[in-house]
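Along the sequence shown, the residues carry numbers beginning at 1.
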Amino acid sequence: MKLWIKLALMTALILLASMGFFGVEMIYRSIQYNQEKTIESCEQQLKSTAYAIGRELENGLKEGYSETTKRSYINYIVKKYGASEYILIEDEQQICNLTPFELKNPGDKRWNKEESYSVIQRTGDQYILISGKSVPALGEAEYKLVFVQDISELYRDMQEQALLSILIFMGAVIASVVLVFLVTKKILRPLRELQHAARDISEGKLERRANVSGRDEVGLMAADFNKMADRIEDQVTELSKVSEQRRQMLGSLTHEMKTPMTSIIGYSDTLLHVNLKKGQQERALRHIKEECSRLERLSSKLMSLIGLYENDSICMEKVSMPELFEQVARLEEHPLKQKGIQLIYSCHMGDREIDRDLFESLLVNLIDNGAKASEEGTIISLTASDNVITVSDQGCGIPKEEIERVTEAFYMVDKARSRKAGGCGLGLSLCSMIAQLHHARLSIESEIGKGTKVSIIFSPK
C-alpha cells in the first residue's frame, strides 16, 4: 500500500473516531438538554398551578359542602387550570383525574414534598412525563397535584434531530475523508518525484535531479537529495577515472617493460649463442641485472604516477643530466643498433632535481617513438640546454591535425605501423604525465616526411 494511502486512511480513521465521539456526545447533550428544559418548564407550570389551586381550595371550599358538591367544585377548579393534564390526590386517594392515564400508586410519597419531583416513563412508543408536588391548602386533608403529559412528540423530534445530525456527520466525514485523500496525495507528490529521481539514478541516469521546490521539510530533503546525487555522480566519475587509470597502468607497464625486456633478451641471446670473453660476459650479466632492477623500480613508480598508490616510491633528487644522457645512450645502444639508427647526444645542462628512473623512462620513450617512425640509416638526436631537452628524429612525421591528440592515452597516428612495431598508444601519454610530475610540459613540432622534434620544457624556478 502506498504511503499517501496509508497516511490518508490513518488520518480518516482518526478524524472518524474523533468526530464520532464528539458527535455522539453532542447528540446526547442535546437530548439531555431538551429533557431538562421540558421538565423544568413542566415543573414551573406545576408549581404555579398548585399554588393557584391551593388558594382556590382555601378560599372556596366550605365545610358545609356535601361530598358530591365538594368533588364537583374540585373538578371545576382543576379543570379551570389544567384541562386534561392534572390529577388531584387527597389523602392518598385520587379525587380528580382529567388525564387519559391512570396512576398505579396515588400514595407515592415522592409527591408529598413542596418541591416538584419528575420522572419520564416509557410505555411502548410513548414517553410520559409525570411531575408531582404537594398543594398548599388549609384544613386537615393533604392534597397532591400530579402533572401528566405525553411528550412522545418531543422524543420523535429529538430522534429526527439526532438522525439529521448523524447524516450531517456522515456527510462531513465522507467529505473530510475525500479531502484528506486529495490533500495527502498532493502533499506527498514531491516524495513521488524523489522516488522517480532515485529510480532513474539507480538505472544509471546520474544526471537526473529531483524537481522539487519549496522550503518545507520535503523541499529541504529534495535539496539534500540533489546534493547527494551530485556527490554520487562525482564519485562515479572519479571511479571511472580510476578504472581508466588502472587500464592505462596495465598498458603502461606493458609498454615500459618492452625496452628493458628487449635489452635483456638481446644480451641473453648473445650470452647463449656468442662466445664472449669473461669480462664481456660479466658486463652483459651486469646489464641484465640492471635492467631487471629497473623493471622492478619502474612498476612501482608507474603505479604511483597514475595515482593508484601513494607517492612514497617517487624520489626527487639532484641528478647529473650528462650522466643521465650517457646512461640512456647505453640503454638504447643495442636496440638502435639492431634497427640501423644512430643516436647523437649532447648535454649542456647541469644538475636537476628529478626522479632518475622516471625521467630515464621519459627519454627512452621519446627515443623509442622516434626510432619507430624512422628508417634505417637515419639519426636521432638528444640535446639539452638551459631549461629545454629535445629529442629529434628524421622519421615520417605527424600530420598537423594529429599533433594535439598524440598525448592522449591509446591514440596512435598510424595504427597499422604502430601495432607492427609493438606500440599500444601509451608512449607519449606516459611521457606527458612524467613531464608534468617534473613541472615540465611537452612541445611537439613535426612535418610530414621530415621528422619530429619533441621538447621537454621545464617551468622556470
Side-chain angles (χ1 to χ4, degrees), residues 24 27-63 65-166:
V24 170
I27 294 172
Y28 172 77
R29 294 290 183 184
S30 176
I31 292 174
Q32 191 176 44
Y33 176 78
N34 288 333
Q35 285 180 347
E36 291 175 353
K37 286 299 180 181
T38 301
I39 292 173
E40 183 181 350
S41 176
C42 292
E43 288 180 350
Q44 289 291 337
Q45 182 179 344
L46 176 64
K47 183 178 180 181
S48 60
T49 302
Y51 179 79
I53 291 176
R55 297 286 74 78
E56 291 279 357
L57 292 177
E58 182 180 355
N59 296 326
L61 194 60
K62 306 298 181 181
E63 293 183 1
Y65 285 171
S66 64
E67 189 65 27
T68 302
T69 304
K70 179 181 177 181
R71 290 293 178 89
S72 297
Y73 180 73
I74 290 174
N75 282 338
Y76 166 74
I77 295 300
V78 173
K79 187 180 293 185
K80 176 182 176 182
Y81 288 99
S84 61
E85 295 177 342
Y86 292 102
I87 299 174
L88 187 63
I89 300 171
E90 180 185 17
D91 294 332
E92 301 183 0
Q93 289 185 359
Q94 181 178 292
I95 60 173
C96 179
N97 185 357
L98 303 179
T99 70
F101 306 103
E102 189 69 29
L103 287 178
K104 293 182 179 180
N105 184 17
D108 195 329
K109 301 298 183 182
R110 291 177 295 180
W111 299 327
N112 292 341
K113 300 177 182 179
E114 293 183 1
E115 296 296 328
S116 302
Y117 176 80
S118 301
V119 64
I120 296 176
Q121 292 184 356
R122 181 178 180 182
T123 305
D125 293 334
Q126 277 188 318
Y127 290 86
I128 309 299
L129 173 62
I130 304 172
S131 298
K133 70 180 297 294
S134 62
V135 177
L138 297 175
E140 297 179 357
E142 293 183 352
Y143 292 94
K144 292 177 286 186
L145 185 64
V146 178
F147 177 84
V148 182
Q149 185 179 31
D150 185 354
I151 58 172
S152 301
E153 187 67 27
L154 173 65
Y155 271 83
R156 281 192 290 272
D157 290 342
M158 288 191 295
Q159 287 174 355
E160 290 179 359
Q161 290 179 3
L163 180 60
L164 180 61
S165 298
I166 290 174

Checklist entry - Checking side chain to side chain contact (heavy atoms under 4.5 Å, CB included) against Cys96, which of Leu145, Ile87, Asn75 comes through? => result Asn75
Checklist entry - Are Arg29 and Glu36 ion-paired here, with the side-chain N under 4.0 Å from a carboxylate O? => result no
Next on the checklist: Holding to side chain to side chain donor-acceptor pair (under 3.5 Å), I want the full list of residues that pass it with Lys104, two or more places apart in sequence or in another chain.
Outcome noted: none
Item to check | Spatial distance of atom NZ (Lys37) from atom CD1 (Ile39) [nearest 0.5 Å] | outcome: 12.0 Å
Checklist entry - Nearest 0.5 Å, what's the CD-CG distance between Gln94 and Asn105? => result 11.5 Å
Checklist entry - Can any side-chain N or O of Ser134 pair as donor or acceptor with the backbone N or O of Lys113 at less than 3.5 Å? => result yes
Checklist entry - If we ignore angles and hydrogens, is there a donor and acceptor under 3.5 Å between the side chains of Tyr155 and Gln35? => result yes
Next on the checklist: Can a donor-acceptor pair be found, under 3.5 Å and without considering hydrogens, that links the side chain of Asp150 to the backbone of Ile128?
Outcome noted: no
Checklist entry - Can you tell me if Ser165 uses its side chain to pair, donor with acceptor, with the backbone of Gln161 under 3.5 Å? => result yes
Item to check | Arg122 (side chain) donor-acceptor with Gly124 (main chain) under 3.5 angstrom | outcome: yes
Checklist entry - Got Val135 and Leu88 here, is their nearest side-chain heavy-atom distance under 4.5 Å? => result yes
Next on the checklist: Are there over 12 heavy-atom neighbours, none belonging to Asp125, within less than 6.0 Å of that residue's CG?
Outcome noted: no
Next on the checklist: In the structure I gave you, are the side-chain heavy atoms of Leu154 and Tyr127 within less than 4.5 Å of one another anywhere?
Outcome noted: no
Next on the checklist: Between Lys133 and Glu114 (side chain of the first, backbone of the second, donor and acceptor by atom type, cut-off under 3.5 Å), is there such a pair?
Outcome noted: yes
Item to check | Nearest heavy-atom neighbours spanning Asp108 and Asn112 | outcome: O-OD1, 4.1 Å
Item to check | CD1 on Ile120 to CD1 on Ile130, rounded to 0.5 Å | outcome: 10.0 Å
Checklist entry - Is there a donor-acceptor contact under 3.5 Å from the side chain of Ser116 to the main chain of Gly132? => result no
Next on the checklist: Ignoring hydrogens and geometry beyond distance, is a side-chain donor-acceptor pair present between Tyr86 and Thr49 at under 3.5 Å?
Outcome noted: yes
Checklist entry - Step by step, would you call Glu43 with Ser118 a side-chain hydrogen bond (donor to acceptor under 3.5 Å, both in side chains)? => result CA-CA 8 Å; Glu43 288 180 350; Ser118 301; 2.7 Å; yes
Next on the checklist: Applying side-chain contact (heavy atoms from CB on, under 4.5 Å) to Ile95 and Ile89, what does each step give before you reach the verdict?
Outcome noted: CA-CA 6 Å; Ile95 60 173; Ile89 300 171; over 6 Å; no
Checklist entry - Can you find a heavy atom in the side chain of Lys144 that is under 4.5 Å from one in the side chain of Glu90? => result no
Item to check | Over all atoms of both residues, closest heavy-atom pair of Cys42 and Gln149 | outcome: SG-OE1, 3.4 Å
Checklist entry - Arg156: what forms a side chain to side chain donor-acceptor pair (under 3.5 Å) with it, not counting sequence neighbours? => result Glu153
Checklist entry - Do Met158 and Ser30 pass the side-chain contact (heavy atoms from CB on, under 4.5 Å) test, and can you show the C-alpha distance, the side-chain angles, and the key distance before you say yes or no? => result CA-CA 8 Å; Met158 288 191 295; Ser30 176; over 6 Å; no
Next on the checklist: Under a 3.5 Å distance rule, please check whether Lys47 uses its side chain to pair with a backbone N or O of Glu115 as donor and acceptor.
Outcome noted: no
Checklist entry - Rounded to the nearest 0.5 Å, how far apart are CG of Asp157 and CD1 of Ile151? => result 11.5 Å
Next on the checklist: I'd like to know if the side chain of Ser48 reaches the main chain of Gln45, judged simply by a donor and an acceptor atom lying under 3.5 Å from each other, with no hydrogens or angles considered.
Outcome noted: yes
Checklist outcome for this item: Distance col, row Leu46:CG vs Tyr117:OH, nearest 0.5 angstrom, shows 14.0 Å
